[in-house]
Amino acid sequence: MSSAAMMQHRCTIMRNTPANVDGQIVPDWANVTTGQRCLIQEGSGEVKATRGGQGLVYDAIGFFPAATDIRPRGQHDQSDRITLTAPTHLNGVTFLVNLVTDESGMGNHLTAYLTRLPAG
């Protein structure tokens with residue numbers, strides 16, 4: 001079974017697009033991709049070896065097809081967000097993208113380390 005066949009969830013990937021409102025920069029988010037196939041597995045953990053040599057705590061791991069446009073640091077140095085749209089019981093759950101890697105080194109899929117954002 002391919003890794004893509006195991007990706008049973010769907011999500012929307014959003015990128016920060018701040019707006020200037022009366023001289024104030026306010027955060028705003030634009031959809032990069034909707035209906036993106038993924039698999040999200042919630043569970044806390046820590047990645048010890050990151051680029052800056054610091055530990056990274058996460059609430060979930062996401063798996064995405066290799067060609068997915070998802071970034072831990074996008075425009076304006078802000079992390080992307082993903083919002084689950086399927087299955088129904090997870091609809092609206094949002095995560096901040098902390099780290100994206102190709103852990104297999106084979107280009108099969110991307111692994112994203114995520115932080116769950118509070119509802120609302």
### Task
Could you tell me the separation between the CZ atom of Arg71 and the OG atom of Ser79, rounded to the nearest 0.5 Å?
12.0 Å

### Task
Given side chain to side chain contact (heavy atoms under 4.5 Å, CB included), test Trp29 with Asn16 step by step and report yes or no.
CA-CA 5 Å; Trp29 300 90; Asn16 187 292; 3.6 Å; yes

### Task
Considering non-hydrogen atoms only, spot the tightest contact between Ala60 and Ile40 and give its length.
CB-CG2, 4.1 Å

### Query
Under a single-linkage definition using a 4.5 Å side-chain heavy-atom cutoff for Ile, Leu, Val, Met, Phe, Trp and Tyr, are Ile13 and Leu84 assigned to the same hydrophobic cluster?
yes

### Main-chain N/O of Met7 paired with Arg37 side-chain donor or acceptor, under 3.5 Å
yes

### Query
When you look at CD of Glu46, are more than 12 heavy atoms from neighbouring residues, nucleotides or ligands closer to it than 6.0 Å?
yes

### Task
Please confirm whether the backbone N or O of Leu96 pairs with a side-chain atom of Thr115, one donor and one acceptor, at under 3.5 Å?
no

### Query
Where do Ile25 and Pro18 come nearest, in terms of heavy atoms and distance?
CG2-CB, 3.7 Å

### Summary
Between Phe64 and Cys11 the two heavy atoms that sit nearest each other are CE2-SG, 3.9 Å

### Query
Do Thr111 and Val100 come close enough that some side-chain heavy atom pair is under 4.5 Å?
no

#### Entry: Approximate separation, where rounding is to 0.5 Å, of Ile82 CD1 and Thr94 OG1
8.5 Å

### Query
If Ile, Leu, Val, Met, Phe, Trp and Tyr residues are connected whenever their side-chain heavy atoms lie under 4.5 Å apart, and connections chain through other members, are Val32 and Leu99 in the same group?
no

#### Entry: Student check: side-chain heavy atoms of Tyr113 and Ile61 closer than 4.5 Å
yes

### Message
My understanding is that only residues two or more places apart in sequence, or in another chain, count here; which of them pass salt bridge (charged side-chain N to carboxylate O under 4.0 Å, His left out) with Asp28?
### Response
none

### Query
At their closest point, which heavy atom of Asn31 faces which heavy atom of Met14, and how far apart are they?
OD1-CG, 3.4 Å

#### Entry: Phe95 with Leu90, same ILVMFWY side-chain cluster at under 4.5 Å
yes

### Message
Is there a side chain to side chain contact (heavy atoms under 4.5 Å, CB included) between Ile70 and Gln36? Walk through the geometry before answering.
### Response
CA-CA 10 Å; Ile70 186 168; Gln36 175 65 56; over 6 Å; no

### Query
Under 3.5 Å, side chain of Thr83 to main-chain N/O of Thr12, donor-acceptor pair present?
no

#### Entry: Side chain proximity check, Pro87 to His9, heavy atoms < 4.5 angstrom
yes

